[in-house]
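In what follows, chains are A, B, ... by sequence order, proteins preceding strands, each numbered from 1.
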Number of protein chains: 4
Amino acid sequence: MRTTDAPKFGRPRNEGADRAILQAALDLVSAEGYRAITVDQIAARAQVGKMTIYRRWPNKAAVVMDALLVLVGPETDFPSAPCAIESMKKQLYLQVKFFRSKYGRLIRSLLAEAQSNEELAEAFRERWIVPRRQGVVAVLQRAIDQGKLRSDIDLELATDMLYGPLYYRLLIGTGSVTNALADVLYEQFMAGHEPRKK
Amino acid sequence: MRTTDAPKFGRPRNEGADRAILQAALDLVSAEGYRAITVDQIAARAQVGKMTIYRRWPNKAAVVMDALLVLVGPETDFPSAPCAIESMKKQLYLQVKFFRSKYGRLIRSLLAEAQSNEELAEAFRERWIVPRRQGVVAVLQRAIDQGKLRSDIDLELATDMLYGPLYYRLLIGTGSVTNALADVLYEQFMAGHEPRKK
Amino acid sequence: MRTTDAPKFGRPRNEGADRAILQAALDLVSAEGYRAITVDQIAARAQVGKMTIYRRWPNKAAVVMDALLVLVGPETDFPSAPCAIESMKKQLYLQVKFFRSKYGRLIRSLLAEAQSNEELAEAFRERWIVPRRQGVVAVLQRAIDQGKLRSDIDLELATDMLYGPLYYRLLIGTGSVTNALADVLYEQFMAGHEPRKK
Amino acid sequence: MRTTDAPKFGRPRNEGADRAILQAALDLVSAEGYRAITVDQIAARAQVGKMTIYRRWPNKAAVVMDALLVLVGPETDFPSAPCAIESMKKQLYLQVKFFRSKYGRLIRSLLAEAQSNEELAEAFRERWIVPRRQGVVAVLQRAIDQGKLRSDIDLELATDMLYGPLYYRLLIGTGSVTNALADVLYEQFMAGHEPRKK
DNA sequence: AACTAATCGAGACGGTACGTCCCGTCTTAGA
DNA sequence: TCTAAGACGGGACGTACCGTCTCGATTAGTT
């Protein structure tokens, strides 16, 4: 998402500023929401000129998207358990926790903005959603290999069914995002996908 | 979402203008998306002064929300079938068709805007989502009464699981919203909720 | 300045309303100035519908102009004295008093508005200024007849010289409009126009 | 009348834009009159964003006032003649010429607007009128020193008497502003103020 | 140590949409 | 038929934020 490369001469880019900008964007948007925050506010909090932001990212959406990828992404490691299916359940709990954290608002904001910004939509899909879905798919595949799930499952569809309701509640707010929800999602999923009993 | 009630004297509201404004809003937003449309454009298309819009609704979001409720709402009748569970499946197909229609963009727009506008969020939830969920819940209850579903189901949760994935795909676009998706949602739902076999 | 004549049938026009409207316009504009007052305010104070105003006058300027003519005009009678030249001096004092009264602001307002409203400008000139100038000219003529002034005076010019400085101060505010000013105007005028001494 | 001073950092004011804005305001208002011109029109003609105007001046009146001071002011040099009293007469002719030029409308517009805008009134008085009056007063004083005028004259009053009728005609239009008028004003003024004959 | 060249903080800029205000017209129900 | 009330179309206002542009000061490698 970065724009230019390092030059040969002159004052080198202050790489630390990058992080300060992303942190400022992250803090502000997590707290107030994307729309409520202006680029000037981000620049002010990062103690940086507005141009420094626009030299690195093409627009506000890109900054916030990068903040998510760079600062939040690494914190969202996939939990591992010897039993793949248990690892799946742990991951659902993590997702619940994530959505309930201050980052819930960040995700909502970006998803909202993406509806009117195709570039952001693609970035969010390909750089945030898809990689995490791949983790899920891999675990599900491992569960199939371990004989814990039927082998004729459409894994993409399965992922939609596991995570769709979480996003739905995050965005619409008819019910809150809780571990109890994760439990039911997991149970129903297993009920529909456990291997045929003999 | 309307602002004031009819006064005792004076020229009464031109109810026809109401409809023209809502239709203009609906057409424009369905075609171009919420953010791309300005209040002036809506006013111009409805051949109405901007003040006439602001006299009735507090902001653009409220206009478009009302357009959804007044002009689209009545078109979304719930399908009925003697067998409740079949009626449920028909409703899923209708939802897919709705999301694929031009109104898909409208729903996406409003849901997006609702993320940064708590007033709109509440209106969307309470006036659009909840009434439609109630229809679903009623059908599911009828299915239980007809012995087609287990009686210990949490109906709200069930609704989330049936519709969550549809909204997820609508908003994120990892996969398209299709009847095939509806089929799988239905099947998995039945697998998890059919009455215990003796 | 009135727009239509009395109708033949139906509820007769409430002639009292006319006066109430003019009085409201006069009071408000005298106190706050033309630009600060809206037609709605005049209608509200006169307890009259806005349409009742626009049925009688073509616009706000016409109402206020009429208020001046109808309500203030009759109060501005020309003072008479056996000696014409003394009558002239009295009139200057009256003008000073008038400009210092609440009507000063009214005159300023109308004169201001007239600069961007040719119709009002003409009305103000022909219906307010010119008649009063004619009074002045008549008195000056009488003074000539009485042998108190030179007979070769251009009376229009003389009037400009007597009243111009009063209006100048009223509008620009470099100095206040006082009887002392009137005295000097009178003296200088006499110095320039008294009959040649033998 | 400008709003803030130059900051220590940041892009400095584009002083060229200032002039373009003032020129646009001057041209438009001189041609069409103050009330007929919108801030958007000025911005468009100056090829400038509306905010750039509002960043420098608090409102339209201030822009036009500054246009007068900056662009017209320097053109209104006081004529000089060895004989002070002749210089005075020349100045009266210049004033007539000025009022008959396209700037006559500008002066009328500003004077009109000043009647409902105390801030503008003060600016017009203190920055336009007073400096020019001071020129007149100085010349009159010189004439006294040269023994061409009585020494007991109130110079402010004298100025009002010389210029008041010109403004009166400019604003009311009962007669036109001509050199003939200037001649009479001058003659009468001299008649009333020439030194006593021995 | 002086020079060079690119970056930096700051903030002005053109543009676009917003939501408000008032004018003069139009429309109703009631007198 | 006229009135009070007030909704209406139109158009200007002054504000906010976006993403771009421009300045003088800063900084590090090159000479």
Does C/Gly49 or B/Gly49 map to a spot on DNA chain F nearer the 5' end, using the closest nucleotide for each?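 Nearer the 5' end of the strand: C/Gly49.
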Let me know, please, whether A/Gln41 or B/Val48 comes out on the 5' side of the other along DNA chain F by nearest nucleotide.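 Going by which nucleotide is closer to the 5' end, it is B/Val48.
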Using whole Å, what does the distance between atom [atom2] of nucleotide [N] and atom [atom1] of [X] come to?
{"X": "A/Ile42", "N": "F/dG19", "atom1": "CD1", "atom2": "C1'", "answer": "13 Å"}
{"X": "D/Met51", "N": "F/dC21", "atom1": "CE", "atom2": "C1'", "answer": "17 Å"}
{"X": "A/Ile53", "N": "F/dC17", "atom1": "CD1", "atom2": "P", "answer": "15 Å"}
{"X": "C/Gln47", "N": "F/dG6", "atom1": "CD", "atom2": "P", "answer": "13 Å"}
{"X": "C/Lys50", "N": "E/dC22", "atom1": "NZ", "atom2": "C1'", "answer": "8 Å"}
{"X": "C/Arg45", "N": "F/dA4", "atom1": "CZ", "atom2": "C1'", "answer": "18 Å"}
{"X": "A/Ile21", "N": "E/dG9", "atom1": "CD1", "atom2": "C1'", "answer": "11 Å"}
{"X": "C/Arg56", "N": "F/dC2", "atom1": "CZ", "atom2": "P", "answer": "10 Å"}

Just to confirm, is there a sub-4.0 Å distance from OP1 or OP2 of [N] to any side-chain nitrogen or oxygen of [X]?
{"X": "C/Lys60", "N": "E/dC23", "result": "yes"}
{"X": "C/Arg55", "N": "F/dT3", "result": "yes"}
{"X": "C/Tyr54", "N": "E/dT25", "result": "no"}
{"X": "B/Thr52", "N": "F/dA7", "result": "no"}

Is it true that A/Arg125 and A/Glu118 have a side-chain N and a carboxylate O under 4.0 angstrom from each other?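 Here A/Arg125 pairs with A/Glu118 in a salt bridge, since their nearest N and O are under 4.0 Å apart.
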B/Arg19 side chain near B/Val70 side chain, heavy-atom distance below 4.5 Å: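 Counting from C-beta outward, B/Arg19 and B/Val70 do come under 4.5 Å.
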